[in-house]
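Contents: one structure, followed by commentary.
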Amino acid sequence: MPQFFLNKRLIVLLVSIIILVALIGFSLRDRKQLTWPEQLIKDTTGWVQSLVSRPAQSIAGFIENLQDLQNTYNENKELKARLDDLARLEAEVHELKKENEELKDILDKKDSLRDYDPAQATVIARNPDRWHELLIINKGETDGIEADMAVITSQGLIGKVKSVSKFTSTVQLLSAMDPKNRVSAVVQGEKNFYGFIVGYDEKKKLLLLKEIPYDAKIKKGQNVITSGLGVVFPKLLQIGKVVDVVPDQYGLTQTAYVKPSANLYDISHVMVVKRKMTKPDVSDIDDNEEEEEL
Amino acid sequence: MNRFLLPVMLAAFFVIESVFVHLLPDGTFTSDRILVPRFLIIAIFFLTVYGNKQYGIIYGFVFGLLFDVFYTEILGIYLFLFPLMAYAVSKIMKVLQTNIVIVTIVSIIGVALLELGVYEMNFLIHRTDMNFPHFVSLRFLPTIILNLAFSIIAAYPLKRQFEKFAEHLTE
């Protein structure tokens with residue numbers, strides 16, 4: 001037995017396994033903020049990363065532009081066809097907006113769950129082992145970014161801010177597997193159905209929208225958007241379209257497979273969305289729910 | 001050899017991994033497979049074999065910590081696995097002869113072990129629910145092929161660089 005403990009390498013191994021478990025336990029805790037050494041390392045590394053990734057991205061962008069040129073003719077034809085439709089839609093939207101504002105004025109209702117301030121950011125790094133699906137962007141605490149803010153591209157929601165340091169922040173994509181990563185969502189239809197985006201099917205490349213009522217009738221192709229009920233995200237951010245609906249394990253609720261409208265892989269410019277409406281107090285929450293019903 | 005060259009070189013590999021994943025086009029081969037570049041650890045393996053074992057393990061430790069803090073935000077996994085793999089490779093190379101082909105093969109085995117280790121750890125802490133056959137076909141094989149290609153290309157330059165470094169150390 002004494003000999004067993006005298007083996008230096010074995011002791012080093014055992015001690016390092018203990019440290020490993022302790023560290024993993026520490027980082028899996030529900031941490032609101034990173035410790036300052038972590039923030040320091042992140043900022044410094046982020047700075048070095050951005051030195052390299054900016055030129056690399058611009059070169060890649062140039063090549064992509066060249067490829068785009070080849071498709072321009074076909075694209076142009078298609079876009080022209082859509083343009084006619086757009087003019088009509090625009091007029092309609094304008095009219096609706098105006099009407100909405102007037103109605104709101106009558107009700108004396110100023111802020112809505114929909115309003116938000118976007119902040120532009122550029123992706124400077126991406127986790128190379130794609131187990132955690134994290135992006136690192138070049139805006140941080142000094143630019144007013146906070147944890148849990150929604151992150152979108154022009155096409156739709158891609159994730160949320162996981163942690164911030166002074167000059168960089170880390171974005172967790174919707175495709176990351178994390179039980180804490182839930183988004184309250186609505187399936188738009190004649191009647192709205194609420195559910196949660198929980199998880200991602202890596203084989204099918206689809207998001208899972210769970211906890212839809214068992215009697216909800218959901219068709220393929222219906223839009224899924226954020227509901228704004230989850231306190232942090234604003235309403236009406238596009239998530240995707242329903243592809244398939246299946247009853248869940250116990251038949252009590254349904255699960256919809258949602259094809260994300262934003263490309264969750266090819267991301268270089270993002271917007272971090274700050275909801276204008278302040279987080280409601282507990283007493284306010286009932287009011288908000290009534291709003292949704294309307 | 002400049003004493004700053006080694007850390008700068010490894011830092012470059014550290015950055016290139018992320019740039020590689022970021023710029024890899026979403027094409028037909030990559031659409032449902034996940035290619036993980038492991039350039040940094042391959043360089044560390046070559047450093048361990050051709051340069052100095054101690055340096056290899058220390059750099060594995062430092063860059064493992066950096067990797068954890070910057071990329072994954074779960075401290076410990078790479079911090080533990082990078083030095084361990086560097087140590088394992090140095091042990092394997094004691095039995096085998098230091099031939100560039102053999103070192104390349106051993107470094108790929110090291111990458112495979114690292115990939116398996118990371119998968120197991122992520123599975124344990126419920127960061128993934130991918131089952132093993134999926135893991136092998138979606139991640140493991142594409143990753144091995146990518147890194148094999150890299151280590152074949154980079155083997156000779158890395159070997160020369162680290163041999164110079166070893167000479168520099170003995171002086």
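If you're wondering where the values come from, they're calculated on a predicted model, not measured in any experiment. So that the names make sense, note that chain A is the first sequence line, chain B the second, and so on, each numbered from 1.
Contact of B:Val15 with chain A is made through backbone and side chain together, with heavy-atom distances under 4.5 Å. Contacts of A:Ile24 with chain B are made by both backbone and side-chain atoms, with heavy-atom separations under 4.5 Å. Residue A:Lys204: no heavy atom, backbone or side chain, is found under 4.5 Å from chain B. In this structure, the portions of A:Ser268 lying under 4.5 Å from any heavy atom of chain B include both its backbone and its side chain. In this structure, the portion of A:Val48 lying under 4.5 Å from any heavy atom of chain B is its side chain and not its backbone. Both the backbone and the side chain of A:Ala125 come within less than 4.5 Å of a heavy atom of chain B. Heavy-atom distances place the side chain of B:Leu23, and not its backbone, under 4.5 Å from chain A. Only the side chain of B:Phe135 comes within contact range of chain A, with heavy atoms under 4.5 Å apart.
Options B:Leu138, B:Leu79, B:Ile125 differ in how many heavy-atom pairs under 4.5 Å they form with chain A, and the most are formed by B:Ile125. With respect to chain A, the highest number of heavy-atom pairs below 4.5 Å among B:Tyr71, B:Tyr87, B:Tyr119 belongs to B:Tyr71. Heavy-atom pairs under 4.5 Å with chain B peak, among A:Val21, A:Leu51, A:Leu134, at A:Leu134.
Counting only heavy atoms from C-beta outward, the side chains of A:Ile17 and B:Phe80 approach each other to under 4.5 Å. Inter-residue side-chain proximity for B:Glu17 and A:Asp129 is flagged as unmet; no heavy-atom pair is nearer than 4.5 Å. Using a 4.5 Å cut-off on side-chain heavy atoms (C-beta onward), B:Thr72 and A:Trp131 make no contact. Residues B:Arg139 and A:Arg130 have side chains in contact (heavy-atom distance under 4.5 Å, counting atoms from C-beta outward).
Counting all heavy atoms, side chain and backbone alike, B:Phe70 lies closest to A:Thr45 at CD1-CB, 3.6 Å. The minimum heavy-atom distance between A:Lys42 and B:Val69, with the atom names listed, is CE-O, 3.3 Å.
Atom NZ of A:Lys259 sits in a sparse spot, with 12 or fewer heavy atoms from other residues, nucleotides or ligands closer than 6.0 Å. For OH of B:Tyr156, the number of neighbouring non-hydrogen atoms (other residues, nucleotides, ligands) closer than 6.0 Å is 12 at most. Within a 6.0 Å sphere centred on CD of B:Glu163, other residues, nucleotides and ligands contribute more than 12 heavy atoms.
Interatomic distance, A:Ile136 CD1 to B:Glu73 CD, rounded to the nearest 0.5 Å: 7.5 Å. The CD1 atom of B:Ile77 sits 10.5 Å away from atom CG of A:Leu23, with the distance rounded to the nearest 0.5 Å. In this structure, CD1 on A:Ile124 lies 10.5 Å from NE2 on B:His22, to the nearest 0.5 angstrom. For the atom pair CZ of A:Arg9 and NZ of B:Lys91, the computed distance is 4.5 Å after rounding to the nearest 0.5 Å.
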Can you check side-chain contact (heavy atoms from CB on, under 4.5 Å) on A:Leu13 and B:Leu84, steps first, answer last?
CA-CA 9 Å; A:Leu13 187 71; B:Leu84 185 71; 4.1 Å; yes
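With A:Pro128 as reference, B:Phe67 is the one residue of B:Phe39, B:Phe67, B:Phe20 to meet the side chain to side chain contact (heavy atoms under 4.5 Å, CB included) rule.
Within the 3.5 Å criterion, the main-chain N or O of A:Asn127 finds no donor-acceptor partner in the side chain of B:Ser18.
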